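These numbers come from a predicted model, not from an experiment.
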Amino acid sequence: MPSSVHEDQDQSMMDVAPQEQEQQEVQEDEVELEAKRIVVLPGATETAASFQFEGEGHTLGNSLRYSIMKNPQVEFCGYTIPHPSETKMNLRIQTTDETTAVQALEEGLQALMDLCDVVTDKFTSARDSFNAAEADKMSA
């Protein structure tokens, strides 16, 4: 065989190790990013705190604000996007003395996840019903 064929095979064999190393670096970066997704901003007290969410925008901000404001122990909750070119969302929570801002955030996140589960279940049920009806039409 020509020497160029062997060189190509050798080259592809050499590329495997850097690709695996690159994948490990990406996974480590993802773990590091996950650890820093929510940061408590300076100046926080037990009942009033600002949180910064990395990689989030209006979708989570408004949904979370709505969910947290349903808690009667929360006096204020608002969010802002500091700058449109940055993927950061700041959320401010002020509560009564009966609860903390962190607890209100955790409860709001849990309520939002529960709501998403309900929506997913209803969507899946409606999709399955639709698909079954369509299958009945096709077979008739």
Show the numbers, then the answer: is there a side chain to side chain contact (heavy atoms under 4.5 Å, CB included) between Met89 and Leu60?
-> CA-CA 9 Å; Met89 184 262 300; Leu60 180 66; 4.1 Å; yes
Among Leu91, Val74, Val40, find the residue that satisfies the side chain to side chain contact (heavy atoms under 4.5 Å, CB included) test when tested with Leu105.
-> Leu91
With a 4.5 Å heavy-atom cut-off, do Glu75 and Thr95 have their side chains touching?
-> no
Decide yes or no for Thr87 and Glu54: does some side-chain heavy atom of the first lie under 4.5 Å from some side-chain heavy atom of the second?
-> yes
When rounded to the nearest 0.5 Å, the distance separating CD of Gln110 from CG of Leu112 is 9.5 Å
Distance col, row Lys122:NZ vs Asp117:CG, nearest 0.5 angstrom, shows 13.0 Å
Nearest atoms (heavy-atom pairs only) where Glu86 meets Ile81 | O-CG2, 4.4 Å
Are any of the side-chain nitrogens in Arg37 or Glu56 under 4.0 Å away from the carboxylate oxygens of its partner?
-> yes
For residues Leu64 and Phe53, determine if any side-chain heavy atom of one lies less than 4.5 Å from a side-chain heavy atom of the other.
-> yes
Judged by atom type as modelled, is there a donor-acceptor pair below 3.5 Å linking the side chain of Ser67 to the main-chain atoms of Ser63?
-> no
Rounded to the nearest 0.5 Å, what separation is found between the CZ atom of Arg127 and the OG1 atom of Thr120?
-> 10.5 Å
Determine whether Phe76 and Ile93 make a side-chain contact, defined as any pair of heavy atoms from C-beta on separated by less than 4.5 Å.
-> no
What's the shortest heavy-atom distance between Gln94 and Ala48, and which atoms?
-> CG-CB, 3.8 Å
Separation between CD of Glu107 and CG of Asp114, rounded to the nearest 0.5 Å | 11.5 Å
Exercise: identify the closest heavy-atom pair between Pro82 and Asn90 = CG-ND2, 3.5 Å
Are the side chain of Ser125 and the backbone N or O of Asp121 linked by a donor-acceptor pair below 3.5 Å?
-> no
Spell out, as yes or no, whether a donor-acceptor pair under 3.5 Å connects the side chain of Arg92 to the backbone of Gly78.
-> no
What is the distance from atom CD1 of Ile68 to atom SG of Cys77, rounded to the nearest 0.5 Å?
-> 4.0 Å
Residue from Thr100, Asp97, Thr99 passing side chain to side chain contact (heavy atoms under 4.5 Å, CB included) with Thr47 | Asp97
Answer yes or no: does atom CD of Gln73 have more than 12 heavy-atom neighbours from other residues, nucleotides or ligands under 6.0 Å?
-> yes
Kindly determine whether Asn62 and Tyr79 satisfy side chain to side chain contact (heavy atoms under 4.5 Å, CB included), including the steps that lead there.
-> CA-CA 7 Å; Asn62 198 35; Tyr79 82 97; 3.9 Å; yes
